[in-house]
Amino acid sequence: RRSLRRPARRKNKKSLLPQRGKALLRDAAKILGGNTLRKRGFEIIKAYEAAGLSLPQRKTAASAGYDLAAAKDCLLPCGKVTIVPTGLKAYMQKDEYLGLHIRSGISLKHQLMLVNAQGIIDADYYDNEENEGHIMAAILNLGAADFRVEKGMRIAQGIFYKYLVADDDEAGAGEVRTGGFGSTGKR
């Protein structure tokens with residue numbers, strides 16, 4: 001006959017997960033190339049921790065983009081490209097990227113655009129060795145006059161996207177990003 005009794009319960013009901021779980025999950029995330037504790041978001045990079053920056057926010061419940069602001073004052077000379085720092089980095093899942101778009105208002109009013117139309121921030125750009133994953137906007141001033149960007153001015157929007165890969169895709173098998181801004185185009 002089978003016993004109908006339930007197995008004895010452990011006297012110590014505390015799980016080991018709360019004690020060691022977060023560290024184990026963090027280590028697993030590094031090994032698997034993803035982030036098992038957090039899904040996506042923004043952090044301030046070390047060089048700008050004391051600069052009084054705010055993390056990006058969506059302005060309405062239906063807004064797709066998170067407004068990114070300039071981390072310092074910058075002059076955008078007419079006809080030139082200027083790299084504007086945000087002081088931020090973004091974390092996300094390994095099958096996602098952050099699309100960086102110029103804000104429509106600043107674009108139309110001042111004839112500004114991202115030089116590459118849309119910036120692509122890959123998941124493995126986060127915490128890279130070269131620049132900690134610093135998100136920077138390469139802005140081209142098409143206007144007739146120089147334009148001054150002031151610290152805190154919202155210059156771009158970041159939108160998180162999922163992406164798909166082709167059958168038999170082996171990109172990056174065993175490779176780890178070592179560079180920062182524009183590093184994957186150097187090979």
Side-chain angles (χ1 to χ4, degrees), residues 21-23 25-76 81-107 110 112-141 147-163 176-185:
K22 287 186 179 182
L25 288 173
R26 197 174 303 114
D27 292 343
K30 287 179 184 175
I31 293 167
L32 298 173
N35 189 329
T36 59
L37 296 177
R38 306 175 300 172
K39 291 187 178 187
R40 64 196 61 82
F42 299 94
E43 297 173 353
I44 297 171
I45 65 167
K46 289 182 178 96
Y48 285 87
E49 284 178 340
L53 303 181
S54 298
L55 294 177
Q57 299 289 319
R58 293 181 315 124
K59 294 301 176 192
T60 69
S63 295
Y66 290 83
D67 288 340
L68 280 71
K72 66 179 189 176
D73 294 346
C74 295
L75 180 66
L76 309 181
V81 175
T82 305
I83 304 295
V84 179
T86 66
L88 303 169
K89 58 184 176 178
Y91 60 89
M92 65 207 79
Q93 301 302 301
K94 66 180 186 175
D95 62 344
E96 297 177 344
Y97 71 93
L98 178 70
L100 192 63
H101 307 270
I102 193 87
R103 292 188 69 240
S104 59
I106 198 171
S107 174
H110 304 288
L112 303 175
M113 66 177 286
L114 292 181
V115 72
N116 55 347
Q118 175 185 335
I120 303 291
I121 313 299
D122 298 311
D124 64 351
Y125 185 66
Y126 175 79
D127 266 351
N128 72 72
E129 295 174 6
E130 186 176 302
N131 68 5
E132 200 186 339
H134 190 181
I135 298 169
M136 296 174 268
I139 300 179
L140 172 60
N141 181 354
F147 181 74
R148 178 159 299 283
V149 172
E150 296 177 0
K151 178 183 174 183
M153 181 183 286
R154 295 176 295 148
I155 54 168
Q157 291 184 334
I159 301 174
F160 290 100
Y161 296 93
K162 285 254 189 214
Y163 66 88
V176 176
R177 177 189 292 267
T178 56
F181 198 73
S183 65
T184 57

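Side chains included, hydrogens not; waters and symmetry mates left out as well; all remaining heavy atoms used. Values in this document were obtained by computation on a predicted structure and should not be read as measured data.
Phe42 pairs by the ring-ring contact (aromatic ring centres under 6.0 Å, His included) definition with Tyr66, Phe160, not counting sequence neighbours. Remark: Gln157 engages Asp67, Arg103 in a side-chain contact (heavy atoms from CB on, under 4.5 Å) (not counting sequence neighbours). Contacts of Glu132 classified as salt bridge (charged side-chain N to carboxylate O under 4.0 Å, His left out), with partners at least two apart in sequence or in another chain: Lys89. Judged as a ring-ring contact (aromatic ring centres under 6.0 Å, His included), and not counting sequence neighbours, His101 has no contacts. For Ala47, the side-chain contact (heavy atoms from CB on, under 4.5 Å) criterion is met by Ile45, not counting sequence neighbours. Listed by chain and number, the residues in a side chain to side chain donor-acceptor pair (under 3.5 Å) with Ser104 amount to none (sequence neighbours excluded). Remark: Ser54 pairs with no residue by the side chain to side chain donor-acceptor pair (under 3.5 Å) rule, at least two apart or across chains. Partners of Arg58 according to the side chain to side chain donor-acceptor pair (under 3.5 Å) rule, which considers only residues two or more places apart in sequence or in another chain, do not exist here. Partners of Asp95 under the side chain to side chain donor-acceptor pair (under 3.5 Å) rule, at least two apart in sequence or in another chain, are Lys162.
Shown here for Pro85 and Cys74, the closest heavy-atom pair between the two residues is CD-SG, 3.9 Å. Across Ile102 and Ser107, no two heavy atoms sit closer than the pair CG2-CB, 3.8 Å. Of all non-hydrogen atoms in Glu43 and Arg38, the two that sit nearest each other are OE2-NH1, 2.6 Å. Taking each heavy atom of Leu114 and Ala137 in turn, the nearest pair found is CD2-CB, 3.9 Å. The two residues Ile83 and Ala138 make their nearest non-hydrogen contact at CD1-CB, 3.7 Å. For the residue pair Leu53 and Gly87, the shortest heavy atom distance occurs at CD1-CA, 3.8 Å.
Looking at Asn128, its side chain does come within 3.5 Å of a backbone N or O of Glu130 through a donor-acceptor pair.
Note that the CG atom of Leu100 and the CD1 atom of Ile155 stand 7.5 Å from one another [nearest 0.5 Å]. Remark: Met92 CE to Asp124 CG distance equals 9.5 Å, nearest 0.5 Å. With rounding to the nearest 0.5 angstrom, the CG atom of Asn116 is 8.0 Å from the CD atom of Gln118. Taking CG of Leu75 as the start and CG of Asn141 as the end, the distance is 8.5 Å to the nearest 0.5 Å. Tyr125 contributes atom OH, which lies 13.0 Å from atom CD1 of Ile120 (distance to the nearest 0.5 angstrom).
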Using the rule given for side chain to side chain contact (heavy atoms under 4.5 Å, CB included), can you reason through Leu98 versus Arg40, listing the C-alpha separation, both sets of side-chain angles and the distance that settles it, and then say yes or no?
CA-CA 10 Å; Leu98 178 70; Arg40 64 196 61 82; over 6 Å; no
Stepwise, does the side chain to side chain contact (heavy atoms under 4.5 Å, CB included) test hold for Asp73 with Val149?
CA-CA 6 Å; Asp73 294 346; Val149 172; over 6 Å; no
Go through the steps for Thr86 and Met136 under the test side chain to side chain contact (heavy atoms under 4.5 Å, CB included), then give the verdict.
CA-CA 6 Å; Thr86 66; Met136 296 174 268; 6.0 Å; no
Assess whether side chain to side chain contact (heavy atoms under 4.5 Å, CB included) is satisfied between Leu55 and Leu88, documenting all intermediate values.
CA-CA 8 Å; Leu55 294 177; Leu88 303 169; 4.1 Å; yes
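Around the NZ atom of Lys59, the shell of radius 6.0 Å holds more than 12 heavy atoms that belong to other residues, nucleotides or ligands. In the displayed structure, Glu150 atom CD is contacted under 6.0 Å by at most 12 heavy atoms of other residues, nucleotides or ligands.
With 3.5 Å as the limit, one finds no donor-acceptor pair spanning the side chains of Tyr91 and Asp127.
Aromatic rings of Tyr48 and His134 (six-membered ring for Trp) have centroids within the 6.0 Å cut-off, being under it.
Screening Ile139, Ile106, Thr82 for a side-chain contact (heavy atoms from CB on, under 4.5 Å) involving Phe147 leaves a single residue, Ile106.
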